Amino acid sequence: MKILKQLEQLGYELKVRDGNIEFKFRGEGANDYEKSLELLYEIKKRKIRAKNYLLCHYKQYKKVVAIDIETTATMPQDGKIALIAINDNKGSKVVYDAKEIEDILSDVEILKVFHNASFDVLWFEYFGYKVNEYTDTMIMSQIINNRIRQENSLADVAHKYLNVVISKQLQDISNWNGVISQEHEEYCKRDAEITYKLYFILMNEIHRLELYPVLDREIRALPAIIELRKNGIKFEYDKWYTQILEYEKEKDMIELEVKSILNDQELNLNSPIQIIESLNKFGINVTSSSDEELAKFSDDYEVIKLIRKYKKIKKRISSFGEKLKEKIDDDECIRGKWNLIGADTFRMTCTSPNLQGMPRVSKEYFVPRNKESIFVIADYSQIELRVLAEISNDELLIDAFKNGEDLHRKTASMILNKDISEVTDEERSIAKAANFGLIYGMTSYGLQKKIKADYGMEVTLEEAEKFRNGYFEAYNDVLMYQDKMLKSDYIETLGGRYWSKETSELDRGSIKRYNYPIQGTSAEGLKEALHLLMMKKYKEWLLVAVVHDEIVLEVPCKDEDVAKDILSDCMVKGMSKFIKKVPIEVDVKSSTTWDKS
DNA sequence: GCCATCACG
DNA sequence: ACGTACGTGATGGCA
């Protein structure tokens, strides 16, 4: 038991429970993480059943290495791996061919550390090298600092924790010119060394802040991100383009019409300032050119309807027209740059292009890459409202979901004090706007505007106010939840993330505090689901898109039914890790396009 | 480079 | 009296 003694000295508390030895870092003491890993590996070798729920759960590695690669392009289909540096506690070396480290990459007893693993692992896997057991110092930094888009580059993190300044001079691919110099090798080696050092420092921080479960979940979700980047999704651009040309014609016609009605030939309909000016001159007192503002005048002026339509079509053409062509690879697939932690709430994001924001009308042009395959598409039913039910503990909300009621209809019936069967479709629409808006702090004025913009329905400010009051009278615990969030010093998700004085604080009194636990928990449940899916899916199934509450798989037609079962099962199980008080429901279907229909 | 706007959830 | 639901990414105008 000498080893256990040593672990105790390193700051770990030992407990024997159910025949297992559990370790927990006390938060003080030496906590030499590198040494602890060695000791734990010794224990594992001697077949002592040891379970360390904080350190690494069941994972103990015989060795840790950090790896950094330099590539000739940003995406693997456009280039190759030019240089690989690998570092362990004995120093670093450089190799040019991934083949030389193939055994290390696949060894499940060696932990590979990358800074931004989804980049490096994507490249290795694209060229046929399996990478088992890896982790990511960039993700650790994002989790520790609760900052997502800034200060997480290797240079930033190195500066913060190692107090070293590293130059980015050689980082730009365009400076490489295909020639690798001694300088490049040193640069690459240095990055691997820094990554190695950072791993142990950041791991200590993760334990100290009790964020290991959060890290573990993000790391387990990484393979899904790599899949998304690797696979891409097929897009029938030529067909979409003929549609775009139609939109173009329509847009030009509307533009002429608007100009003639407003008697303003110089008007640029893309300029908010000019629209406001021109409309004011015409006698319509808009204060902004946003759709919500224009909606107020839509019933009274034909020209407003035209402008609203123009803006919609213009958006499609400018953001999703010819610009998409350059994003399409030789195999007709679009590969977005998916980010695992893109939002402050830890939602995923996607850029160039943003595949999470494709317009509904374009979805029917996204198709499986061959005739023998089909999309299996699943999405959570009203997930944020279910998370709200769990967190707020609101009995009415919980009952509604337990009984499988139509929540919007129920909300309308509660507020209007009438039987569910008597609720009209219009009333249901208002309740729907209320359900989605009020939980994040919408005012009665905002509700009024939203109802007009989305459904074209007029309600007075008094009616909206009455609706709002009625909502919180009915769902009283939601009001309690919001009040608690405004005042609390500590805001948390159900998956273990938190905002506090020590990590990062959310503005006191800010209504975005309502949203963070809900959107954050939903994102955590989705990542748990993605992990399960990656374990359970057949290897020929392709993960092609993930949009916050929706997962799209591309599977051989013969697997259609089993894929539906597995996908919805994983989604339910993943989210149910956190949501216990209400059932999780998933709508699943198969389709020859991404169209929801 | 920032702002307003609008695509998605 | 004032401003008025959260989280993103991409675009065009404007300075």
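Residue numbers begin at 1 in each chain, while the letters A, B, ... track the order of the sequences. Since we're looking at a predicted model, the values are computed, not measured. Both backbone and side-chain heavy atoms feed into the values below; hydrogens, waters and symmetry mates do not.
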- Short side-chain N/O contact to C:dG7 OP1/OP2 from A:Tyr516, under 4.0 Å: yes
- Query: Under 4.0 Å between a side-chain N or O of A:Thr345 and OP1 or OP2 of C:dT8?
  - Reply: no
- Item | base_contact_polar (C:dT4 base, A:Thr443 side chain, donor-acceptor, <3.5 Å) | yes
- Message: Check the phosphate of C:dG13 against A:Asn268, side-chain N and O only, distance under 4.0 Å to OP1 or OP2. Yes or no?
- Response: yes
- Message: Applying the 5.5 Å / 30° rule, does A:Tyr440 stack onto the base of C:dC6?
- Response: no
- Query: So does A:Lys311 get a side-chain nitrogen or oxygen closer than 4.0 Å to the phosphate oxygens (OP1/OP2) of B:dT5?
  - Reply: no
- Examine C:dG12: is either OP1 or OP2 under 4.0 Å from a nitrogen or oxygen in the side chain of A:Lys323? Give yes or no. yes
- Between A:Lys449 and A:Asp454, is there a side-chain N and carboxylate O pair less than 4.0 Å apart? no
- Task: Measure from CG on A:Asp549 to P on C:dG7 and round the result to the nearest Å.
- Result: 18 Å
- Task: With rounding to the nearest 0.5 Å, note down the distance linking CD1 in A:Ile491 to OG1 in A:Thr493.
- Result: 11.0 Å
- Task: Taking only the side-chain heavy atoms of A:Lys363 (C-beta and beyond), determine which of C:dG7, C:dT11, B:dG9 contains the nearest atom.
- Result: B:dG9
- Message: Classify A:Lys315 by what it touches in the nucleic acid, base, sugar-phosphate, or nothing, heavy-atom distance under 4.0 Å.
- Response: base
- Pairwise P distance, B:dC6 and C:dC2 [rounded to whole Å]: 25 Å
- Taking 4.0 angstrom as the limit, do A:Arg409 and A:Asp425 come out as a salt bridge? yes
- Item | Pairwise C1' distance for B:dC2 and C:dA5, with rounding to whole Å | 24 Å
- Task: May I ask you to verify if any side-chain N or O of A:Gln274 is less than 4.0 angstrom from the OP1 or OP2 atom of C:dC14?
- Result: yes
- Task: Please state how far atom CD in A:Glu465 lies from atom P in C:dA5, giving the value in whole angstrom units.
- Result: 13 Å
- Short side-chain N/O contact from A:Asn270 to OP1 or OP2 of C:dG13, under 4.0 Å: yes
- Which part of the nucleic acid, if any, lies within contact of A:Ser352, taking any heavy atom under 4.0 Å across all strands shown: a base, the sugar-phosphate backbone alone, or nothing? sugar-phosphate
- Query: For B:dC2, which nucleotide in any strand shown is its Watson-Crick or wobble partner with both distances under 3.5 Å?
  - Reply: C:dG13
- Query: Does a salt bridge link A:Asp595 with A:Arg360, judged by any charged N lying under 4.0 Å from a carboxylate O?
  - Reply: no
- Watson-Crick or G-U wobble partner of C:dA1, both distances under 3.5 Å: none
- Considering just the side-chain nitrogens and oxygens of A:Thr349, establish if one lies under 4.0 Å of OP1 or OP2 belonging to C:dG9. yes
- B:dG9 OP1/OP2 closer than 4.0 Å to side-chain N/O of A:Arg360: yes
- Any chance you could measure A:Ile430, atom CD1, to A:Arg428, atom CZ, to the nearest 0.5 Å? 12.5 Å
- Task: Verify the contact: side-chain N or O of A:Ser289 to OP1 or OP2 of B:dA4, cut-off strictly under 4.0 Å; return yes or no.
- Result: no
- Report the distance from atom CG of A:Asp595 to atom P of B:dC8, rounded to the nearest whole Å. 12 Å
- Message: Counting the atoms with a prime plus P, OP1 and OP2 as sugar-phosphate, which does A:Met358 contact under 4.0 Å by heavy atoms, base, sugar-phosphate, or nothing?
- Response: sugar-phosphate
- Message: Just the rounded figure in Å: distance from C1' of B:dA4 to CG of A:Leu269.
- Response: 15 Å
- What distance do A:Glu502 atom CD and A:Asp489 atom CG have between them, rounded to the nearest 0.5 Å? 13.5 Å
- Query: Across the strands shown, which category fits A:Gln519 at heavy-atom distances under 4.0 angstrom: base, sugar-phosphate, nothing?
  - Reply: base
